[in-house]
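Just so we're on the same page: letters track the sequence lines, and every chain starts at 1. Every value quoted in this text rests on a predicted model; they were computed, and no experiment measured them. Hydrogens, waters and symmetry mates are skipped; everything else that's a heavy atom, side chains included, is used.
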2 protein chains.
Amino acid sequence: MTTDQTERGARARTRQAVLDAAAAVWARDFSASLSAIAERAEVSRSTLHRYFTDRQALIDALLVDSLARLDTLDDDVADAPAMDVLEYYLRAGVDMGDRVIFLFADPKRFEGNPNWSDDDGDEDMRALVDRARVEGAIADRIPTSWAITLFYAVLYTAAEVSNQDLPRHVAADLAVQSFRRSVAP
Amino acid sequence: MTTDQTERGARARTRQAVLDAAAAVWARDFSASLSAIAERAEVSRSTLHRYFTDRQALIDALLVDSLARLDTLDDDVADAPAMDVLEYYLRAGVDMGDRVIFLFADPKRFEGNPNWSDDDGDEDMRALVDRARVEGAIADRIPTSWAITLFYAVLYTAAEVSNQDLPRHVAADLAVQSFRRSVAP
DNA sequence: GATAAATGCGACAGTCGCGTCGCAGAATAG
DNA sequence: CTATTCTGCGACGCGACTGTCGCATTTATC
C-alpha cells in the first residue's frame with residue numbers, strides 16, 4: 001500500500017507536474033485559472049481535479065510542497081554564523097525559483113491558512129537576524145523587521161530576475177552582496 | 001464648459017475617491033472585483049461604471065493618474081547628482097504609497113498598455129543609473145539591470161512596510177540607505 | 001492477452017463578475 | 001422653488017471559471 005506518502009510511479013509524476021505548473025503559472029498571475037495550469041502541465045482539467053479536488057486544495061498542496069523544500073535545508077547549516085545561514089537561504093531560495101515567488105509574492109496570500117505558520121517562520125527569521133546582529137553582521141540602526149522584509153524582497157527579486165535577465169548564479173551573487181552590504185554596520 | 005480637464009466639484013471628488021479606492025484595493029490584490037473597489041470608495045457599482053465604463057478604463061485611468069504624480073517630480077531635480085535624484089524618487093515614491101505598489105507590483109501588468117512606456121521610464125532609469133555610475137555612486141560590478149530592479153524592489157518594499165510596521169519617513173530612510181549601500185563601490 | 005489504473009473528452013449546473021438599463025430619490029445650481 | 005445633476009437600487013443577459021459526471025481510450029501491470 002503506497003496510499004498516504006508520496007505515491008509511487010506515474011501517480012507521483014503527474015502530481016508533481018501539476019504542482020510545478022501551478023508554481024510556474026501562479027508565480028506570474030495568481031488569478032490564473034485552473035485550465036491554464038492544466039494546460040501548462042499538459043494534463044486535462046479532469047485529471048487535475050482528480051489529484052486536487054479544489055482550487056484551494058491545489059493551493060494548499062503547493063504551499064506545503066514549497067515549504068517542505070525550504071525545510072529540507074535547515075539542518076545542514078545550523079551552527080554556521082547567522083549571516084552565512086541567511087546567505088545560504090538566499091542562494092537556495094533563488095534556486096527554487098517559481099516556488100519562492102509563489103510563496104513570497106504577497107505576504108498575506110496565505111493568511112489564515114493552517115499550513116502557513118506566519119509566526120513560525122517569522123520567529124525563526126527574527127532569531128536568525130538577531131543572532132547575526134550579535135555576531136556583528138547587522139548594524140544596530142537596522143530594525144529587525146526591515147532586515148527581514150528586505151531579505152524577502154531581495155530574494156524575491158533575484159528569483160524573478162533569474163527567470164529572465166541574468167543567469168541564476170549571478171542573480172544569487174548580486175542578491176547576497178546587496179543584502180550583506182545593506183545591513184552591514 | 002469644464003468638459004475635458006479634471007472636471008470641477010463633486011464630479012472630480014468621486015472620481016478621485018474611486019481612483020484612490022482602486023489603488024488601495026488593487027495594491028493588495030489586483031484580481032479584486034469592481035464591487036470591492038466601489039465598496040471601498042463608498043460608492044455604488046453603478047456610479048463607478050458611470051465614471052469608468054470598463055475595468056480596463058479604470059486601470060488605464062489609475063495608471064495615467066499614478067504616472068502623472070510621478071512626473072510632477074521630474075523637473076525640480078534635473079541637474080542634481082544622479083544618486084540624489086534616485087534618492088528623491090525613492091522618497092517621493094514611498095510617499096505615494098499604494099500608487100507605487102500598484103504601479104510596480106508586477107512588471108508585466110501593463111505590458112502593451114499605450115500609457116505604459118515600458119521603454120520610456122526604463123530608458124530614463126538606465127540613463128540615470130549610468131550617470132550615477134560615472135559619478136562614482138554605483139560600482140562597476142553592479143549590472144544596470146540589477147540596480148534598476150533592486151531600486152524598484154526597495155521602493156516597493158518601503159511603500160509596503162510604511163503601510164504597517166514602520167513610519168513613512170523611517171521606511172524611506174531605510175530604503176535610501178539600503179539602496180545606496182547595496183550598489184556603492 | 002486480460003485486468004486494472006490513469007487519462008482525455010464532453011456535458012452539465014452552479015456561481016461570480018461584468019456591463020448595461022431604467023427608474024426613483026437626493027443633492028446641487030440657478 | 002425649479003431644473004439639472006449626481007447617485008443608489010435592482011434587474012437583466014452574458015461570459016468565464018468551477019466542480020462533478022459518465023463514458024471511451026490509452027497505458028501499465030501481471
### Message
Counting only side-chain heavy atoms from C-beta out, which of D/dG19, C/dC18, C/dG10 sits nearest to A/Ser46?
### Response
C/dG10
#### Entry: A/Arg69/A/Asp65 ion pair, N-O < 4.0 Å
yes
### Task
Figure out the CD/P separation between B/Gln56 and C/dG17, and round it to whole Å.
19 Å
### Task
Please confirm whether any donor atom in the side chain of A/Arg45 sits under 3.5 Å from an acceptor in the base of D/dG19, or the reverse.
yes
### Task
Using atom CZ of A/Phe52 as one end and atom P of D/dT20 as the other, report the distance to the nearest whole Å.
15 Å
### B/Thr53 side chain, from C-beta outward: closest of D/dT20, C/dC9, C/dT20
C/dT20
### Task
Consider the side chain of A/Arg50, meaning its heavy atoms from C-beta on, and name the nucleotide among C/dC18, D/dC23, D/dG8 that approaches it most closely.
D/dC23
### Message
Looking at B/Arg40 and B/Asp20, is there a salt bridge between them, counting it only when a charged N and a carboxylate O are closer than 4.0 Å?
### Response
no
### Query
Between C/dT20, C/dT7, D/dT18, which nucleotide gets closest to the side-chain atoms of A/Ser35?
D/dT18
### Query
With respect to the side chain of A/Ser33, which nucleotide from D/dT20, D/dT7, D/dC17 is positioned closest?
D/dC17
#### Entry: Which atom of B/Ser162 lies closest to which atom of B/Val94, heavy atoms considered
OG-CG1, 4.0 Å
### Query
Can the ring centroids of A/Tyr152 and A/Tyr89 be said to lie less than 6.0 angstrom from one another?
no
### Message
Quick check: closest heavy atoms across A/Phe110 and A/Leu103, and the distance to 0.1 Å?
### Response
CE1-O, 3.8 Å
### Between C/dT20 (P) and B/Asp54 (CG): distance, integer Å
7 Å
### Message
Rounding to an integer number of Å, can you tell me how far A/His49 NE2 sits from D/dT18 P?
### Response
7 Å
### Message
Just N and O in the side chain of A/Thr47: are any of them under 4.0 Å from OP1 or OP2 of C/dT7?
### Response
no
### Query
Between D/dC17 atom C1' and A/Ile59 atom CD1, what is the distance in whole Å?
14 Å
#### Entry: Among C/dG17, D/dG19, C/dT7, the nucleotide that comes nearest once only the side chain of A/Tyr51 is considered
C/dT7
### Query
D/dT18 C1' sits how many Å from A/Leu58 CG, rounded?
13 Å
### Task
Describe the nucleic acid contact of B/Arg55 in one word from base, sugar-phosphate, nothing, applying a heavy-atom distance below 4.0 Å.
sugar-phosphate
### Query
Between atom CG in A/Leu48 and atom C1' in D/dG19, what is the gap in whole Å?
11 Å
### Message
What contact category does A/Glu42 fall into here, base, sugar-phosphate, or nothing, at under 4.0 angstrom with non-hydrogen atoms?
### Response
sugar-phosphate
### Query
Expressed in angstrom and rounded to an integer, what is the separation of B/Glu39 atom CD from C/dC18 atom P?
13 Å
